[in-house]
Amino acid sequence: MKNRKFILLTTVVIITVLLSGCGSSNTSGSYKSEARASYDSGDSYFNSPESYDMAMYDDNTTTGSGASMTTENATTSNRKLIRNASLSVETKEFDELLVSLDARIKGMGGYIENMSGNYGSRYSSYRSSKSAYITARIPSARLDEFINSVGETANITSKSESVTDITLEYVDMESHKKMLKEEQDRLLEFLDQAETIEDIITIEDRLTNVKYQLESMESQLRTYDNKIDYSTVNIDIQEVIDYTVVVEEEKTPVERMKEGFAESIRNVGIGLREFGIWFVINLPYIILIAAIAAVALIIIRAVGKRNKRKREAKREEKAKRHTEAAARGESAQENKAEVYVSKPDKNS
């Protein structure tokens, strides 16, 4: 008896879902996706969006050419678009630009999602190393206005925009969300009418699964809504002395040589100026290094003089010994000569 009730209850649930889907396909202004297939509790609720007809946007859709025009207008006005942009900008007033961007973003109803910066050192170089990277969320309706306002206060060197159309995915999820809510309502009704523990457990188990899918889908839809309503803008900011020329007319060789020569002269002047600044900044180190070098030079010269004196003393001693040896040699030769002379002649 209990098995029969369970089979009967399951059959009623399936037939109710099927009839609801078929009935909604014949109702004006309903979502056509509900009649695409029977709802299976084990299947994924996120089906392929390609099978959807864009005519589902319009509640007054009819057949014929009028339906095509209505569908086209509805498609244009109800598209779910995610717009993002990336900007690389240069500025001569880094701190002022950051304050201006913060005020402009908040004034347009947006907010800064992330920000990182490198504020450099005033002693590092004449070319400032200040830079910043900002990720801002701007209301999509005012994205173009925001980009134009940035171009008025900074030099935009590069810009890229992207648009992602999630219309089909969004409509698919909304349709399944509607189906899940209808099933949730029916399951609650069946739960009130259930008489056995087995039926109550079965219905509550399915009801828990439906609630989980419904909450997950609502969370995804809220995420989509946030991305649709607020565009993400990535801004890379660099502080420079001279702006990069983004658009430039073709120049003659003579003009290019003149500008190149002037640029070289300017760079030489900047280099001399920076060398003077560097020299003054590092003067204590230069003095310390010079003092160490002077002491080392004095020590080296003293050691060199001492070694030179030793070498000269050795040479003198060697010369003296050589002289004495030579003198002793001459004396020996004289003695031999005297002996030879005093020796008697055998023939006399």
Side-chain angles (χ1 to χ4, degrees), residues 85-107 110-136 146-160 232-249 251 253-308:
S86 295
L87 304 176
S88 294
V89 303
E90 296 175 340
T91 180
K92 297 180 180 180
E93 303 293 338
F94 181 82
D95 297 329
E96 290 77 359
L97 178 62
L98 290 185
V99 174
S100 174
L101 285 177
D102 182 68
R104 188 174 293 112
I105 291 170
K106 292 178 180 178
Y111 59 94
I112 295 178
E113 188 175 65
N114 184 33
M115 178 178 177
S116 60
N118 177 19
Y119 300 99
S121 171
R122 58 179 178 173
Y123 299 125
S124 61
S125 174
Y126 75 95
R127 295 187 182 277
S128 175
S129 58
K130 289 183 180 181
S131 63
Y133 189 84
I134 298 175
T135 300
F146 175 76
I147 294 176
N148 293 333
S149 66
V150 173
E152 294 174 357
T153 56
N155 183 40
I156 299 178
T157 57
S158 67
K159 177 178 69 173
S160 64
T232 301
V233 183
N234 297 312
I235 309 173
D236 186 8
I237 305 172
Q238 296 289 335
E239 186 180 42
V240 297
I241 291 181
D242 296 318
Y243 287 144
T244 301
V245 179
V246 179
V247 180
E248 188 177 86
E249 296 181 357
K251 296 181 179 180
V254 175
E255 292 175 341
R256 291 172 59 188
M257 285 188 290
K258 289 181 178 179
E259 291 184 359
F261 182 77
E263 180 70 15
S264 298
I265 295 297
R266 189 175 70 88
N267 290 335
V268 170
I270 293 174
L272 293 175
R273 183 188 67 188
E274 291 305 312
F275 175 76
I277 296 174
W278 174 88
F279 182 81
V280 173
I281 292 173
N282 294 278
L283 187 58
Y285 300 102
I286 296 174
I287 294 174
L288 178 62
I289 294 173
I292 295 174
V295 172
L297 181 61
I298 292 172
I299 294 173
I300 292 173
R301 292 183 64 180
V303 172
K305 289 180 178 179
R306 187 181 64 179
N307 292 335
K308 183 177 180 181

Closer than 3.5 angstrom, by distance alone: can the side chain of T157 be matched with the main-chain N or O of S88 as a donor-acceptor pair?
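Such a contact is found between T157 side chain and S88 backbone.
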Check whether any side-chain N or O of S100 sits under 3.5 Å from a backbone N or O of L97 as a donor-acceptor pair, and report yes or no.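 A pair under 3.5 Å: no.
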To the nearest 0.5 angstrom, please state how far the [atom1] atom of [X] sits from the [atom2] atom of [Y].
X	Y	atom1	atom2	value
E259	R266	CD	CZ	11.5 Å
T232	E113	OG1	CD	6.0 Å
F146	L101	CZ	CG	5.5 Å
F94	I237	CZ	CD1	6.0 Å
I270	I265	CD1	CD1	11.5 Å
S86	K159	OG	NZ	12.0 Å

Determine whether E255 and K258 satisfy the following criterion, salt bridge (Lys or Arg N to Asp or Glu O under 4.0 Å), listing intermediate values before the conclusion. CA-CA 5 Å; E255 292 175 341; K258 289 181 178 179; over 6 Å; no
Q | Residues, nucleotides or ligands: over 12 heavy atoms within 6.0 Å of K92 NZ | A |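 Yes.
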Margin query: Could you tell me if the side chain of L98 sits less than 4.5 Å from the side chain of I134, heavy atoms only?
Written below: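 They are in contact (side-chain heavy atoms under 4.5 Å apart), so the answer is yes.
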Any side-chain heavy-atom pair from D95 and K130 closer than 4.5 angstrom?
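Answer yes - side chains close enough.
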Locate the shortest heavy-atom distance separating [X] from [Y]; write the atom from each residue and the value.
X	Y	answer
A154	E90	CB-O, 3.4 Å
V240	Y243	CG2-CD2, 3.9 Å
A136	I105	CB-CD1, 3.6 Å

> Taking only residues two or more places apart in sequence or in another chain, which ones pass side chain to side chain donor-acceptor pair (under 3.5 Å) with K106?
Replying inline: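 Scan of K106 (side chain to side chain donor-acceptor pair (under 3.5 Å), adjacent residues dropped) gives D102.
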Report the C-alpha separation of I292 and L288 in whole Å, then their side-chain angles, then the decisive distance to 0.1 Å, and conclude whether the side-chain contact (heavy atoms from CB on, under 4.5 Å) test is met. CA-CA 6 Å; I292 295 174; L288 178 62; 4.1 Å; yes
